[in-house]
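Working notes for the structure below.
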Amino acid sequence: AGTTVRYPVRFDKKVREIELKQGEAFFEVNANPEYPFIVKAGDVNIVATGTRFNVNAYKNEANVCVSLDKGRISISGMNSSCSVEMAPGEVFSYSKIDSTYSITQGNVYNNYAWIDGLTIFRDVKLKDVFNKLEQKYNVHFVIEDEEIKDYPYHATFENESLSEILDILEEGNNIKCENIVKPNNEVKGKKEYRVSVIK
């Protein structure tokens with residue numbers, strides 16, 4: 001949801017270049033070292049010759065994340081002249097706040113399971129769960145009790161509706177998610193939900 005990709009009608013003869021202006025996308029690129037595939041995502045430039053990778057570059061998130069499944073990619077930009085190489089099974093995270101980056105090993109499939117209709121959370125804070133749901137379902141959550149934000153959460157969802165997911169979240173976390181029904185209850189065209197602790 002909310003993803004915008006810009007690409008030419010026909011690629012240049014020397015390079016295949018697209019721009020991920022906002023959102024998340026998964027790329028599977030045919031190998032051709034002499035005809036590289038470039039994804040521009042804000043300050044980050046990803047260069048691939050033959051590979052499978054996911055890019056998460058939502059404007060309202062502090063980091064741009066790249067998860068590499070197969071092949072190799074190089075990443076440059078990042079407001080510096082440096083370039084880093086990624087290997088399969090690695091996750092690159094670039095902070096838009098302080099222009100720093102890190103590369104870690106992880107289960108990269110969790111980051112692109114959405115292409116198979118899965119949403120996977122592994123020891124994720126509830127505030128990040130709600131951020132992901134906002135992206136996926138184009139809604140807005142108002143978390144009224146700060147303690148909720150740091151609740152750890154572990155679950156896998158497969159094609160459940162938003163209402164079904166919210167029911168599951170309520171049952172396992174002693175919270176209430178209610179649609180705010182009032183005049184002008186939409187934020188920039190999005191339904192709004194209030195999240196609070198059941199007392």
Side-chain angles (χ1 to χ4, degrees), residues 1-7 16 18-31 37 39 41-42 44 46 48 50-71 73 86-94 104-143 148-149 151-173 175-179 186-193 195:
T3 294
T4 305
V5 178
R6 176 182 290 172
Y7 58 92
R16 297 167 287 175
I18 73 164
E19 182 181 6
L20 178 59
K21 296 181 68 63
Q22 146 80 6
E24 185 169 18
F26 183 82
F27 301 93
E28 187 164 3
V29 182
N30 287 333
F37 185 88
V39 178
V44 175
I46 304 143
T51 184
R52 287 164 46 95
F53 62 99
N54 191 77
V55 183
N56 186 316
Y58 279 96
K59 287 184 178 179
N60 64 344
E61 293 198 353
N63 297 321
V64 174
C65 293
V66 181
S67 305
L68 180 57
D69 178 41
K70 292 181 179 178
I73 58 178
M86 284 183 68
E90 291 182 337
V91 177
F92 168 91
S93 181
Y94 169 73
T104 58
Q105 288 282 340
N107 185 346
V108 297
Y109 178 71
N110 289 352
N111 296 334
Y112 67 85
W114 61 271
I115 68 173
D116 294 324
L118 299 174
T119 304
I120 300 175
F121 299 111
R122 294 291 180 266
D123 295 322
V124 175
K125 291 182 178 180
L126 265 186
K127 65 178 180 180
D128 297 321
V129 172
F130 285 115
N131 284 341
K132 180 64 71 174
L133 295 177
E134 285 185 338
Q135 294 167 5
K136 183 172 182 179
Y137 294 98
N138 197 33
V139 297
H140 179 67
F141 291 98
V142 177
I143 301 178
I148 294 173
K149 294 182 178 181
Y151 286 0
Y153 197 67
H154 185 100
T156 298
F157 298 111
E158 182 175 8
N159 297 319
E160 283 88 350
S161 67
L162 177 61
S163 62
E164 289 172 326
I165 291 175
L166 294 181
D167 286 344
I168 294 169
L169 286 169
E170 287 180 335
E171 289 175 12
N173 295 282
I175 61 175
K176 184 179 179 89
C177 305
E178 56 183 336
N179 188 6
E186 294 191 353
V187 178
K188 295 182 179 179
K190 300 178 181 180
K191 283 189 175 180
E192 191 171 15
Y193 292 84
V195 183

Side-chain donor/acceptor of E170 to backbone N/O of C177, under 3.5 Å: yes
Is there any salt bridge (charged side-chain N to carboxylate O under 4.0 Å, His left out) pair reaching into residues 51-62, and which pairs are they, with sequence neighbours excluded? E28-R52, R52-D69
Okay, side chain of R122, backbone of Y153: is any donor-acceptor separation there less than 3.5 Å? no
Find the distance between CG (N131) and CG (L126) and round it off to the nearest 0.5 Å. 11.0 Å
Nearest heavy-atom pair of N111 and N54: which atoms, and what distance? O-ND2, 3.4 Å
Starting at CG of L68, measure out to OG1 of T51 and round the result to the nearest 0.5 Å. 4.5 Å
Those residues at least two apart in sequence (or on a different chain) that pass side-chain contact (heavy atoms from CB on, under 4.5 Å) with T4 are K21
F37: ring pair (Phe, Tyr, Trp, His ring centres under 6.0 Å) partners, not counting sequence neighbours: F27
Pairwise distance CD1(I143) to CD1(I148) - rounded to 0.5 angstrom: 6.5 Å
Can you find a pair of side-chain heavy atoms, one from V129 and one from Y151, that are under 4.5 Å apart? no
Quick one: CD on E134 to CG on N60, what's the gap to the nearest 0.5 Å? 7.0 Å
Could you work out, with ring pair (Phe, Tyr, Trp, His ring centres under 6.0 Å) as the rule, every residue matching F92, not counting sequence neighbours? Y101
Please report the closest heavy-atom contact between I46 and V44, naming both atoms and the distance. CG1-CG1, 3.9 Å
When you look at NZ of K132, are more than 12 heavy atoms from neighbouring residues, nucleotides or ligands closer to it than 6.0 Å? yes
Write down the atom of A41, the atom of V55, and the distance for their closest heavy-atom approach. CB-CG1, 4.2 Å
Identify, with sequence neighbours excluded, every residue that meets side-chain contact (heavy atoms from CB on, under 4.5 Å) alongside E158. L118, E160
Within 6.0 Å of CG in D128, more than 12 heavy atoms from elsewhere: yes
Inter- and intrachain pairs under ring-ring contact (aromatic ring centres under 6.0 Å, His included), touching residues 110-137, at least two apart: F26-Y112, Y109-Y112, F130-F141
How close do S67 and V108 get, counting heavy atoms only, and between which atoms? CB-CB, 4.1 Å
Sequence neighbours left out, what passes side chain to side chain donor-acceptor pair (under 3.5 Å) with T119? Give chain and number order. K136
Once side chain to side chain donor-acceptor pair (under 3.5 Å) is applied, do any residues pair with R16, and if so which ones, sequence neighbours excluded? none
Return the CD to CD distance between E90 and Q105, rounded to the nearest 0.5 Å. 5.0 Å
Looking at residues at least two apart in the chain, or sitting in another chain, which of them share a side chain to side chain donor-acceptor pair (under 3.5 Å) with Q22? none
Separation between OG1 (T3) and CG (L20), nearest 0.5 Å, reads 6.5 Å
On a heavy-atom basis, which atom in Y58 and which in G2 lie closest, and how many Å separate them? CE2-O, 4.4 Å
Those residues that, when tested against A62, pass side-chain contact (heavy atoms from CB on, under 4.5 Å) (two or more places apart): I97
Results of side chain to side chain donor-acceptor pair (under 3.5 Å) for S163 - residues two or more places apart only: S161
Residues forming a side-chain contact (heavy atoms from CB on, under 4.5 Å) with A31, sequence neighbours excluded: none
